[in-house]
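The model shown is predicted, which means the values in this text are computed figures rather than measured ones.
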Amino acid sequence: MAVTVMAAAVLALLLLSSSGPLGPRLLCASPQEPVGLTLLDCATEKGAVCLDGTPAGYHLQRGAGSGSRSWLIHLEGGAWCSTVERCSNRTKSMLGSSNFMKPIQFAGSGILDSDQQLNPDFYNWNKVYVRYCDGASFSGDSEGRAQDGSTLHFRGLHIYEAVIDELMGKGLANATQALLTGCSAGGLATLLHCDDFSARFPREASVKCLADAGFFLDEKDISGERSFRSVYEGVVQLQNVREVLSKDCLANKDPTECFYPAELIKSIHTPVFILNSGYDPSQIRNILVPGSSDPDNSWLSCKENIQNCNSTQIQVLHGFRNAMVNDLKVAEEKEGWGMFIDSCFTHCQALYGISWNSTISPRLKNKARS
């Protein structure tokens, strides 16, 4: 990608203000009503609860016309919690309690937008935004005890299953087209649940998955340590995510390794489209150059803006990007799969109008992702 295009995209993303859990909006988006929160029926009985025990929820916007039997299910992202303390802290926010969740705006939110000009492929589909409040990519099945004695509910797997079951009763079961998607931790969740999601539909239905910014790498940081692995290891052990991991992988490798996308994609049979930046700032800051690996802060400016990186740092970033491309070779051999790996310094792209479908949206050989 040309530096000028990338710079324009980064500048635009910096200039746009955040608005709720979906973040930046496209300035010219047409007005649409906020989509209300639906709390799961019988959530407590189903164990489909947030970290603090409140019912999990989702936002449903009904489709119309030619899209009335097409469904898009988006799994929200928001990192992970790998310790009791961090999970307990999340209960004081929408990432751990539905008490803090509010109606959200789909307008200007890329793949969720109902404006045909801004989202021509999915504008009239039934669209669902599933809230993330378990801290383990909708995959945990356990309990913990916070320092104050309260129970921490690690029930992400129950949330995913209960939401899909409830939506099946609201028309998803009759879908002729269904797309499971997610961003960041939700992108990882998309890979974890893709085959299960597909298996719920008859063979004649077209079912696919789109993982946005969810292809996290198991790479060493600049100090030579795999420091980020401790995060995944904590999630896997604390929240008991084994149920969603590949049995073939678990037979030969550590569960933490099986939680990484490079291993997950080996066993997925459903067609998947992987959308990711090769220079994802979230991965650069947390995997490649975490604070512990850069005590003198020599990477601080580079991590904030790739245009501030010196030639040596750029080469390190190129190496990280090449590692991603190498891990994705498995996907190249899978029938019906696709990918869009651009060079923009951005994390999550499908949810933002400016990167999903605008005049400065990323392109590869003049092909836009949407």
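Distance check: Lys208 NZ to Cys194 SG gives 11.0 Å after rounding to the nearest 0.5 Å. Put simply, CZ on Phe228 and CD1 on Ile287 are 4.5 Å apart, with the number rounded to the nearest 0.5 Å. Between the CG atom in Asn357 and the CG atom in Asp121 there is a gap of 8.5 Å [rounded to 0.5 Å]. Taken from CG in Asn174 to CZ in Arg69, the straight-line distance is 6.0 Å, to the nearest 0.5 Å. A distance of 13.0 Å separates CD in Glu243 from OG in Ser142, rounded to the nearest 0.5 Å. Here the CG-CG distance, from Leu172 to Leu72, works out to 11.0 Å after rounding to the nearest 0.5 Å.
A donor-acceptor contact shorter than 3.5 Å is absent between the side chain of Gln315 and the backbone of Asn310. Under a 3.5 Å cut-off, the side chain of Thr83 and the backbone N or O of Arg86 do form a donor-acceptor pair. In this structure, Asn240 contributes its side chain and Gly140 its backbone to no donor-acceptor pair below 3.5 Å. With Asn326 contributing its side chain and Asn322 its backbone, the two residues share no donor-acceptor pair below 3.5 Å. One N or O on the side chain of Asp113 and one on the backbone of Gly108 form a donor-acceptor pair closer than 3.5 Å. In this structure, Asn126 contributes its side chain and Ser70 its backbone to a donor-acceptor pair below 3.5 Å. Of the possible donor and acceptor atoms, none in the side chain of Ser137 sits under 3.5 Å from a partner among the backbone N and O of Ser139. When atom types are taken as modelled, the side chain of Gln283 and the backbone of Leu217 share a donor-acceptor pair closer than 3.5 angstrom. Of the possible polar contacts, none joining the Asp221 side chain to the Val289 backbone as a donor-acceptor pair under 3.5 Å is found. Between the side chain of Ser68 and the backbone N or O of Ala64, no donor-acceptor pair lies under 3.5 Å.
Under the rule for a ring-ring contact (aromatic ring centres under 6.0 Å, His included), the partners of Phe197 that lie at least two apart in sequence or sit in another chain are Phe201. Qualifying side-chain hydrogen bond (donor to acceptor under 3.5 Å, both in side chains) partners for Ser301, counting only residues two or more places apart in sequence or in other chains: Asn308.
In the hydrophobic clustering, Leu238 connects to Leu51, Val84, Leu152, Phe154, either directly or through intervening members, whenever side-chain heavy atoms lie under 4.5 Å apart.
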Apply side chain to side chain donor-acceptor pair (under 3.5 Å) to Asp342 and Gln349, showing your working.
CA-CA 10 Å; Asp342 58 45; Gln349 301 177 69; 3.3 Å; yes

Between Thr54 and Ser98, does a side chain to side chain donor-acceptor pair (under 3.5 Å) hold up when you go through it step by step?
CA-CA 6 Å; Thr54 54; Ser98 59; 3.2 Å; yes

Side chain to side chain donor-acceptor pair (under 3.5 Å) between Tyr160 and Asp134, worked out
CA-CA 10 Å; Tyr160 161 77; Asp134 65 281; over 6 Å; no

Dump the intermediate steps for side chain to side chain donor-acceptor pair (under 3.5 Å) on Ser114 and Asn124, then the final yes or no.
CA-CA 6 Å; Ser114 295; Asn124 64 347; over 6 Å; no

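Taking the ring centroids of Tyr132 and Phe138, they lie under the 6.0 Å cut-off.
Taking the side chain as every heavy atom from C-beta outward, Tyr129 and Gln61 never approach each other to under 4.5 Å. No side-chain heavy atom of Val128 sits less than 4.5 Å from a side-chain heavy atom of His59. Side-chain contact between Ile73 and Val130: present, with at least one pair of heavy atoms (C-beta onward) separated by less than 4.5 Å. Residues Cys50 and Arg155 have side chains not in contact (no heavy-atom distance under 4.5 Å, counting atoms from C-beta outward). No side-chain heavy atom of Thr346 sits less than 4.5 Å from a side-chain heavy atom of Ser355. Contact annotation: the side chain of Arg145 approaches that of Thr151 to within less than 4.5 Å [non-hydrogen atoms, C-beta and beyond]. Contact of the Met324 side chain with the Ile341 side chain is registered, since non-hydrogen atoms from C-beta on lie closer than 4.5 Å. Inter-residue side-chain proximity for Phe340 and Ile274 is flagged as unmet; no heavy-atom pair is nearer than 4.5 Å.
Nearest approach of Pro55 to Ala43, heavy atoms of both residues: CB-CB, 3.6 Å. The two residues Arg90 and Gly135 come nearest to each other via the heavy atoms NH2-CA, 3.9 Å. Taking each heavy atom of Leu60 and Val35 in turn, the nearest pair found is O-CG1, 3.5 Å. Considering every non-hydrogen atom in both His158 and Ala48, the closest pair reads O-CB, 3.7 Å. Here the closest non-hydrogen pair linking Ile268 and Lys334 is O-NZ, 2.9 Å. Nearest heavy-atom pair, Leu95 versus Gly77, reported as atom, atom and distance to 0.1 Å: CD2-O, 4.2 Å.
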Do any side-chain atoms of residues 250-265 form donor-acceptor pairs under 3.5 angstrom with protein atoms, and if so which ones, sequence neighbours left out?
unit_1 : atom_1 : unit_2 : atom_2 : d
Asn252 : ND2    : Asp248 : O      : 3.0
Lys253 : NZ     : Glu263 : OE1    : 3.4
Lys253 : NZ     : Glu263 : OE2    : 2.7
Asp254 : OD2    : Thr256 : N      : 2.8
Asp254 : OD2    : Thr256 : OG1    : 3.1
Glu263 : OE1    : Lys266 : NZ     : 3.4
Glu263 : OE2    : Lys266 : NZ     : 3.1

Less than 3.5 Å apart, which donor and acceptor atoms pair up between the side chains of residues 161-169 and the rest of the protein, not counting sequence neighbours?
unit_1 : atom_1 : unit_2 : atom_2 : d
Asp165 : OD1    : Arg200 : NH1    : 2.7
Glu166 : OE1    : Asp41  : N      : 3.1
Glu166 : OE2    : Tyr58  : OH     : 2.6

What donor-acceptor contacts under 3.5 angstrom involve side-chain atoms of residues 178-192, with partners at least two apart or in another chain?
unit_1 : atom_1 : unit_2 : atom_2 : d
Thr181 : OG1    : Leu210 : O      : 2.9
Ser184 : OG     : His347 : NE2    : 2.8
Thr190 : OG1    : Thr181 : O      : 3.4
Thr190 : OG1    : Gly182 : N      : 3.1
Thr190 : OG1    : Gly186 : O      : 2.9

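With a 6.0 Å cutoff to the six-membered ring centre and a 45° limit on the axis angle, Lys303 does not count as a cation-pi contact of Trp299.
Under the 4.5 Å side-chain heavy-atom criterion for Ile, Leu, Val, Met, Phe, Trp and Tyr, Leu245 and Val231 are members of the same hydrophobic cluster. Hydrophobic clustering of Ile, Leu, Val, Met, Phe, Trp and Tyr side chains at less than 4.5 Å, counting indirect connections, unites Phe106 with Ile354. Neither Leu157 nor Val49 shares a network with the other; the hydrophobic side chains, linked directly or stepwise wherever heavy atoms of I, L, V, M, F, W or Y lie under 4.5 Å apart, form separate groups for each. Under the 4.5 Å side-chain heavy-atom criterion for grouping Ile, Leu, Val, Met, Phe, Trp and Tyr, Phe345 is connected to Ile314 within one hydrophobic cluster. There is no path of hydrophobic side-chain contacts, each under 4.5 Å, that joins Leu300 to Ile222.
Classified by interplanar angle (parallel below 30°, tilted 30° to 60°, perpendicular above 60°), the ring pair His318/Tyr279 is perpendicular.
Within 6.0 Å of NZ on Lys220 lie no more than 12 heavy atoms contributed by other residues, nucleotides or ligands. The environment of CD in Gln147 is sparse: at most 12 heavy-atom neighbours from other residues, nucleotides or ligands sit within 6.0 Å.
Side-chain atoms of Asp52 and Thr91 form no donor-acceptor pair, as typed in the model, at a separation below 3.5 Å.
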